[in-house]
Structure formats: structure tokens, C-alpha cells
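Written out below as C-alpha cells is the structure these notes cover.
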Amino acid sequence: MDRADDWVSTSMPYLAPRASGQGDAWSEEAAARGRRGTQRIVHAGEVPASAEVSGLLGVAEGEAVVVRRRVIELDGEPCELTDTYYPVTVAGGTALADVAKIPGGAVTLLARLGHVGVRVREDVTAGLPGAAEQQALRVGPDTPVLRLTRLTLDAEDRPLQADLMTMPAHRQRLRYELRIG
């Protein structure tokens with residue numbers, strides 16, 4: 001069985017819509033390794049876009065966007081903080097703006113609404129956690145964290161979703177497999 005610090009995460013299971021009746025990708029990935037993956041939605045709704053989010057989603061700074069803030073847990077321990085932002089034109093008035101879990105996950109709901117991602121850009125940086133991140137992730141101020149920013153675009157290169165993730169570096173290894181040609 002994998003230990004938390006041996007965890008290897010790939011993005012692909014989180015980018016494609018899921019078949020009807022499937023659970024969320026995180027729970028299934030953890031279960032396949034004999035672990036328990038859960039998430040707590042700590043906030044959902046409209047917020048003003050920060051400078052970073054406005055740059056990612058192509059909206060004006062301060063313009064309303066929909067956010068879902070989650071604490072991702074592995075065996076009851078926090079392993080990732082994920083804030084997912086959507087343009088209001090994509091997510092306003094949908095289940096994405098509510099704290100309830102979404103059957104099959106957000107990507108599945110987006111596809112049902114006619115919003116399918118075809119390109120993803122991810123940027124990874126490292127740093128130290130802020131006070132709120134330390135508390136939520138149960139780490140000290142000198143514990144390095146990885147910050148992964150994922151932007152999902154549709155066939156017309158319109159931003160559908162921006163994920164801002166923070167995870168303790170010692171608990172993660174990110175893997176990228178790219179098809180060439």
C-alpha cells in the first residue's frame with residue numbers, strides 16, 4: 001500500500017467527464033490504492049475575481065466569478081487545498097455555485113451543460129504556506145508546498161475553469177505523461 005509521501009498524482013483522471021453512475025475521480029483513485037479519498041466543500045458561490053483569477057479566466061478584476069473551495073483529504077488527513085473558479089457565464093445558477101457534491105464531479109456537469117475542455121495548461125511553483133494554509137493542511141511554517149495552477153480551455157480557447165491547488169510538497173509527486181505527435 002502506498003504511503004502518503006509516495007503518492008503519485010496525474011491530472012488526466014480529473015480532466016475528462018465521467019460515465020453516469022461513477023463517483024468522483026479522487027475517491028476512486030484513492031480506493032484503487034486501498035485508501036479513503038474525500039473532500040470537504042468549505043465554500044461555494046460568487047466572489048470578485050482576484051488579479052490572478054481575472055488573468056486566468058479573462059474577466060475584469062473584481063468581476064463576479066463562481067468559486068468552489070475544497071479541502072481534499074486522504075484517510076482523513078488534509079493533503080490539498082483546491083479553489084476552482086469559473087466564469088459566471090459558465091457556472092452561474094448551476095450546481096457549481098452550491099456546496100453540495102456533484103455526481104460524477106464538476107467536469108461531468110460542465111460537459112452536460114455543453115462546456116467541454118479540450119486543452120489544459122498547468123503551472124507548478126513551490127513556496128512556503130501562509131498562515132491559513134498551514135492551519136488547513138496541518139503543516140508548519142517551514143514546510144514547503146507545491147502550488148499547481150490548472151487552466152482548462154474549450155475548443156475556442158475560452159477559459160472554462162481555473163484550479164488553484166496547494167499541497168504539502170513532501171506528500172506529493174506530480175507525474176506528467178505527454179503524447180508526442
Side-chain angles (χ1 to χ4, degrees), residues 4 9 11 13-31 35-54 56-117 120 122 129-139 145-154 158-168 171-172:
S9 181
S11 298
Y14 302 93
L15 301 175
R18 304 186 55 76
S20 179
Q22 279 187 303
D24 67 271
W26 169 239
S27 296
E28 288 187 4
E29 180 182 3
R35 311 288 292 272
R36 187 172 48 92
T38 58
Q39 57 182 296
R40 288 184 290 118
I41 303 165
V42 295
H43 176 80
E46 291 187 18
V47 298
S50 67
E52 180 179 20
V53 170
S54 70
L56 290 165
L57 293 180
V59 300
E61 187 172 347
E63 184 177 326
V65 294
V66 172
V67 66
R68 288 177 70 80
R69 291 194 170 106
R70 297 165 303 184
V71 176
I72 311 300
E73 298 176 337
L74 180 62
D75 297 331
E77 292 295 319
C79 62
E80 181 180 303
L81 306 176
T82 300
D83 291 352
T84 303
Y85 295 89
Y86 307 91
V88 169
T89 56
V90 170
T94 72
L96 295 166
D98 187 30
V99 295
K101 288 191 84 170
I102 298 171
V107 173
T108 301
L109 175 60
L110 285 171
R112 282 198 304 261
L113 296 172
H115 303 290
V116 177
V120 171
E122 292 189 352
E133 292 168 327
Q134 291 171 44
Q135 183 177 9
L137 291 169
R138 300 181 197 153
V139 296
V145 293
L146 297 175
R147 288 189 171 80
L148 189 149
T149 301
R150 176 185 297 146
L151 179 63
T152 304
L153 302 140
D154 69 10
R158 290 181 299 226
L160 297 176
Q161 172 176 320
D163 297 291
L164 305 179
M165 298 169 250
T166 303
M167 57 202 88
R171 295 183 196 155
Q172 292 286 339

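For reference, positions follow the sequence shown, starting with 1.
Minimum heavy-atom separation, Val53 to Leu164: CG2-CD1, 4.1 Å. Here the closest heavy-atom approach between residue Gly76 and residue Arg138 is recorded as O-NH1, 3.9 Å. Closest approach of Val59 to Ala49, counting heavy atoms only: CG2-CB, 3.9 Å. The minimum heavy-atom distance linking Pro159 with Pro87 is given by the pair O-CG, 3.6 Å. Across all their heavy atoms, Leu151 and Leu56 have their closest contact at CD1-O, 3.5 Å. Considering all non-hydrogen atoms of both residues, Tyr86 and Leu57 come closest at C-CD1, 3.8 Å.
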Problem set entry | Derivation and outcome, side-chain contact (heavy atoms from CB on, under 4.5 Å), residues Leu110 and Leu96 | CA-CA 9 Å; Leu110 285 171; Leu96 295 166; 3.7 Å; yes
Exercise. Hey, mind stepping through Arg171 and Leu74 against side-chain contact (heavy atoms from CB on, under 4.5 Å) and telling me if it holds?
Worked result: CA-CA 10 Å; Arg171 295 183 196 155; Leu74 180 62; over 6 Å; no
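If you take CG on Asp163 and OG1 on Thr152, they are separated by 6.0 Å, rounding to the nearest 0.5 Å. Taking NZ of Lys101 as the start and OG1 of Thr38 as the end, the distance is 7.5 Å to the nearest 0.5 Å. Rounding to the nearest 0.5 angstrom, the gap separating the CD atom in Gln39 from the CZ atom in Arg69 is 15.0 Å.
Distance alone, capped at 3.5 Å, places no donor-acceptor pair between the Arg36 side chain and the Glu73 backbone.
Looking only at side-chain heavy atoms (C-beta outward), Thr166 and Leu146 stay at 4.5 Å or farther from each other. No side-chain heavy atom of Ile102 sits under 4.5 Å from any side-chain heavy atom of Thr108. You'll find the side chain of Pro129 reaches within 4.5 Å of the side chain of Val139, heavy atoms only. Side-chain contact check for Gln172 versus Met165: every heavy-atom pair is 4.5 Å or farther apart. Looking at heavy atoms from C-beta onward, His115 lies out of side-chain contact with Asp154 at the 4.5 angstrom threshold.
Between the side chains of Glu80 and Thr82, a donor-acceptor pair is found at a separation under 3.5 Å.
Each of Arg68, Arg150, Arg70, Gln161 was checked for a side chain to side chain donor-acceptor pair (under 3.5 Å) with Thr84, and the lone residue meeting it is Arg70.
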